Participant: 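The structure's right below; bear with me while I get my questions together.
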Amino acid sequence: MVADSEFGGTAMDPSLPGCKYLVSAILAMEPSECLISHARACGGGSITYQVQQFILDHCISKPNDFYAPYLNNFLKKLITQIESHHGTVLDQFYELYAHYITSSKDGSLGKRDSRIVKRISFLFPDGCSDVQKCPHSRVLTFPLQCSLNMLEGDTGCSIWPSSLFLSELILSRPELFSNKLCFEIGSGVGLVGLCLAHVKASKVILSDGDLSTLANMKFNLELNNLNVETDMLQRNEDTSTVKCLYLPWESASESQLQDIVPDVVLGADVIYDPVCLPHLVRLLTILLNPTDLDFRGQLTSCKGHSPNSIHENGEPYCKGAIDRSDGRYKTVKNDGCNGQQKETPVAYIACVVRNVETFNYFLSLGNQANLDIDDLTDSLKPMNLLMYMQSYNQADIKLLRITCSHTIRLQ
Ligand SMILES: C[S@@+](CC[C@H](N)C(=O)[O-])C[C@H]1O[C@@H](n2cnc3c(N)ncnc32)[C@H](O)[C@@H]1O
C-alpha cells in the first residue's frame, strides 16, 4: 500500500521534452521497451513516484482511448520493471492491470480488433517556422487507423518508416511542397497526404492500388477533418480537400493521368517488389515526363482550346519556355491562361533498402527510362521531429530525387 505522504515532491512538468516524448510514444503505440526507457529518462534513471504519477495523469488517464492489450502489456512490463528495481508501484497500476486481466478472462474486453488508432505526433523545436504559423501548438498530432497485421491491404494499412521520413521532410521544408500540386503513389494510411494538406499544397492527390487500403486512407483523411474527393472530373480548389485515386501501377495509363500535371510526385516505401518495379518506373515516367508538359498542361488549364489557339491578348494559350531567372536552367510551362510558370516535375522517393538487388534493379530500370535519379540522402535531411520514436530511425532511409532526362539542359 502506498501513501502519498510517503513520497511528495513536485509533479513533473508536461512541457519538458522527456515528458512530451513519453506521452507521444504511448500515443503512437511504440513498443513497451521504448516507453520504459522514456519513463526512466524522465526520472533520471529510475521510474520514480513522480514519473508513475505523470504516467497515470497524462499518459493513461483515458484508458478507453487505448487498445486494451497494448495498455495491458505496458502495465505488466512497467510493474515488473519497478518491482525488479525494488521501487514501489502505484496502487492504481495494480488495480488497472487486475481490471484488464479479469476483463480479458471474462471476455468483456471484446474481441481483439485488428484495427487500431495510432496517434503520430510531430514535435517541433523552438523557433521552427511552422510553429510561427500555429503559435499555440508545438506538437502536431494525426490520429491514423492502422492494422495490427503488417501485410493487410497489400502492406498499405501500416505506417512504414519512409512515410514518417517524408512527413518530416514536408513539415521541415514546407516551401518544397506549399502551393504545389502534389501526387503520391502507394499512399497507404495517408500520413504523407495529411502533412501535405497541413503545409497547404495547392492540391493533394493520393493513390493506391489496393482497395481496402484506399478505404482505410479515406477513413483517416476524414478522421483528420479533411474532405475526400474521389471523382476524377470533380474540381475542388479547397486545399482541405484531398483526392483519392485507385491506381494500380500495372494498369496506369497516360490517358488516365492526362488531366494531372503534378509539380511534385512522392512515394514512400514503394521500392520492394521486383515484379512491380517496371510498372512503377513507367508510372513515374508518365508523371514526370516534361516532353508532354505543354500538351498535358493545356488539357488541364486550357481545356477546350487547341494547342495552337491564340488568346485574345495575342499570346498562345499554352507554350513552353526556358527560364534562366535563377541561374539554373529548367524547363518551364507557361500555361497562357493565368500566366503562371510551372517548373519541371520532380519526384521524392524515400525507401529503406532491404534488398540491394531490388534497389539496384529499380536504378537500372530508371536509367533505361531516361530518369535522372539523384541520391539526396546526405544533402536534404529533414528535422528530426519524431525523436521519441525508437522504432524509427531517420538514418535507415534513403531519399531519391527523380526527374526526367528529357528536360532540356543548357549549360
Ligand atoms: C510498404 S507500403 C507503403 C505505404 C506508405 N507509403 C507508407 O510508407 O507507409 C506499399 C504501398 O504501395 C502500394 N502498392 C504496392 N504495389 C502496388 C501496385 N502495384 N500498384 C499500386 N499500389 C501498390 C500498397 O498497396 C501499399 O499501400
Side-chain angles (χ1 to χ4, degrees), residues 28-29 115-120 122 142-171 182-197 204-221 224 242-253 256-257 260 264-287 347-355 358-359 361-362 365 382 386 389 391-394 396-400 402:
M29 294 183 65
R115 294 284 166 107
I116 46 165
V117 175
K118 293 187 177 184
R119 290 173 179 77
I120 305 298
F122 295 91
F142 295 115
L144 289 163
Q145 178 173 266
C146 316
S147 174
L148 285 172
N149 173 2
M150 282 171 78
L151 300 181
E152 191 179 334
D154 200 12
T155 68
C157 293
S158 299
I159 304 171
W160 293 83
S162 301
S163 69
L164 296 172
F165 181 93
L166 277 189
S167 299
E168 287 185 309
L169 180 67
I170 294 162
L171 296 174
C182 297
F183 187 105
E184 195 195 7
I185 50 182
S187 303
V189 297
L191 176 61
V192 165
L194 292 169
C195 294
L196 290 169
V204 178
I205 305 178
L206 305 183
S207 68
D208 209 280
D210 181 85
L211 286 171
S212 60
T213 293
L214 211 58
N216 188 55
M217 184 197 305
K218 288 177 194 166
F219 177 92
N220 282 330
L221 296 172
N224 287 277
V242 174
K243 188 180 286 200
C244 293
L245 286 185
Y246 173 58
L247 186 68
W249 308 333
E250 292 75 4
S251 61
S253 67
Q256 184 187 9
L257 298 167
I260 299 172
V264 184
V265 177
L266 301 103
D269 257 324
V270 287
I271 303 173
Y272 60 96
D273 182 352
V275 175
C276 296
L277 290 185
H279 305 290
L280 173 63
V281 169
R282 191 178 56 80
L283 174 59
L284 285 172
T285 312
I286 296 173
L287 291 168
Y348 294 104
I349 305 290
C351 61
V352 175
V353 181
R354 298 184 179 91
N355 181 316
T358 305
F359 181 71
Y361 179 45
F362 172 79
L365 287 169
L386 299 165
M389 275 195 183
S391 62
Y392 158 69
N393 184 358
Q394 248 188 25
D396 294 340
I397 315 291
K398 213 176 226 331
L399 177 64
L400 303 177
I402 306 182

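Fair warning: this is a prediction, and the values are worked out from it, not measured in the lab. All ligand and atom numbering here is 1-based and tracks the order in the structure. These values consider heavy atoms only, across backbone and side chains, with no hydrogens, waters or symmetry-generated copies.
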Participant: Can you name the atoms of ligand 1, numbered from 1 with element, that are less than 4.0 Å from a heavy atom of Gly156?
Facilitator: 26 (C), 27 (O)
Participant: At what distance is the nearest protein heavy atom to atom 22 (N) of ligand 1, and which residue and atom is it?
Facilitator: Gly209 N, 3.1 Å
Participant: Heavy atoms only: which of Asp208, Leu211, Thr213 lies closest to atom 25 (O) of ligand 1?
Facilitator: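 Ranked by closest heavy atom to atom 25 (O) of ligand 1, first place is Asp208.
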Participant: Is there any N or O on Ala268 that sits under 3.5 Å from an N or O of ligand 1?
Facilitator: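 It does: an N or O of Ala268 is found under 3.5 Å from an N or O of ligand 1.
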Participant: Are the side chain of Asn220 and the backbone N or O of Leu144 linked by a donor-acceptor pair below 3.5 Å?
Facilitator: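 Looks like no, no N/O pair under 3.5 Å.
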Participant: Ignoring hydrogens and angles, tell me if any N or O in the side chain of Ser147 forms a donor-acceptor pair with the backbone of Arg115 under 3.5 Å.
Facilitator: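 The answer is no, because no donor-acceptor pair under 3.5 Å joins these two groups.
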Participant: Could you check Leu284 against Ile185 for side-chain contact (heavy atoms from CB on, under 4.5 Å), going step by step and ending with a plain yes or no?
Facilitator: CA-CA 9 Å; Leu284 285 172; Ile185 50 182; 4.0 Å; yes
Participant: Any side-chain to backbone donor/acceptor pair from Asp154 onto Gly156? Under 3.5 Å, distance only.
Facilitator: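 Not a single qualifying donor-acceptor pair exists.
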Participant: For atom 24 (C) of ligand 1, find the nearest protein heavy atom and state the residue, atom name and distance (0.1 Å precision).
Facilitator: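 Looking only at protein heavy atoms, the one closest to atom 24 (C) of ligand 1 is Asp154 O, 3.3 Å.
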Participant: Could you tell me whether a side-chain N or O of Asp269 sits under 3.5 Å from a main-chain N or O of Ser163, the two making a donor and an acceptor?
Facilitator: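 Checked: no pair found.
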Participant: Using a 4.0 Å heavy-atom threshold (strictly under), name the region of Cys276 that reaches ligand 1: side chain, backbone, both or neither.
Facilitator: side chain
Participant: Side chain, backbone, both or neither: which part of Ser158 comes within less than 4.0 Å of ligand 1 when only heavy atoms are counted?
Facilitator: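 For Ser158, only backbone atoms sit under 4.0 Å from ligand 1.
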Participant: Determine yes or no for a side-chain-to-main-chain donor-acceptor pair under 3.5 angstrom, with Trp160 supplying the side chain and Gly188 the backbone.
Facilitator: no
Participant: If the cut-off is 4.0 Å to any non-hydrogen atom of Pro248, which atoms of ligand 1 fall inside it?
Facilitator: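 Under 4.0 Å from Pro248, ligand 1 has these atoms: 20 (N), 21 (C).
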Participant: Say you draw a straight line from CG of Leu399 to OG of Ser162; how long is it, rounded to the nearest 0.5 Å?
Facilitator: 9.5 Å
Participant: Taking all atoms of both residues into account, what is the closest heavy-atom pair of Ser187 and Met217, and its distance?
Facilitator: CB-CE, 3.6 Å
Participant: Would the distance check show the side chain of Asn224 and the main-chain N or O of Phe142 forming a donor-acceptor pair, the cut-off being under 3.5 Å?
Facilitator: no
Participant: Answer side chain, backbone, both or neither: which part of Glu250 comes under 4.0 Å from ligand 1, heavy atoms only.
Facilitator: side chain
Participant: Distance to 0.1 Å, residue and atom name: give those for the protein heavy atom nearest to atom 15 (C) of ligand 1.
Facilitator: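 Nearest protein contact, heavy atoms only, for atom 15 (C) of ligand 1 is Tyr272 OH, 3.2 Å.
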Participant: Which residue and non-hydrogen atom of the protein lie closest to atom 23 (C) of ligand 1, and at what distance in Å?
Facilitator: Trp249 CZ2, 3.5 Å
Participant: Hey, which atoms in ligand 1 end up nearer than 4.0 Å to a heavy atom of Asp210?
Facilitator: 25 (O)
Participant: Let me confirm one number: the CZ-CG distance from Phe183 to Leu283, rounded to the nearest 0.5 Å.
Facilitator: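 One finds 6.5 Å between CZ of Phe183 and CG of Leu283.
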Participant: Specify the protein heavy atom at minimum distance from atom 9 (O) of ligand 1: its residue, its atom name, and the distance to 0.1 Å.
Facilitator: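 I find the closest protein heavy atom is Trp160 N, 3.0 Å.
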Participant: Give me the nearest non-hydrogen protein atom to atom 4 (C) of ligand 1 as residue plus atom name, then the distance to 0.1 Å.
Facilitator: Gly186 O, 3.6 Å
Participant: Which atoms of ligand 1 sit under 4.0 Å from any heavy atom of Asp269?
Facilitator: 1 (C), 2 (S), 3 (C), 8 (O), 10 (C)
Participant: Who's the nearest protein heavy-atom neighbour of atom 2 (S) of ligand 1, and how far?
Facilitator: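 Scanning the protein heavy atoms, the shortest distance from atom 2 (S) of ligand 1 goes to Thr155 OG1, 3.2 Å.
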Participant: Just let me know how Leu247 lines up against ligand 1, side chain, backbone, both or neither, with a heavy-atom cut-off below 4.0 Å.
Facilitator: backbone
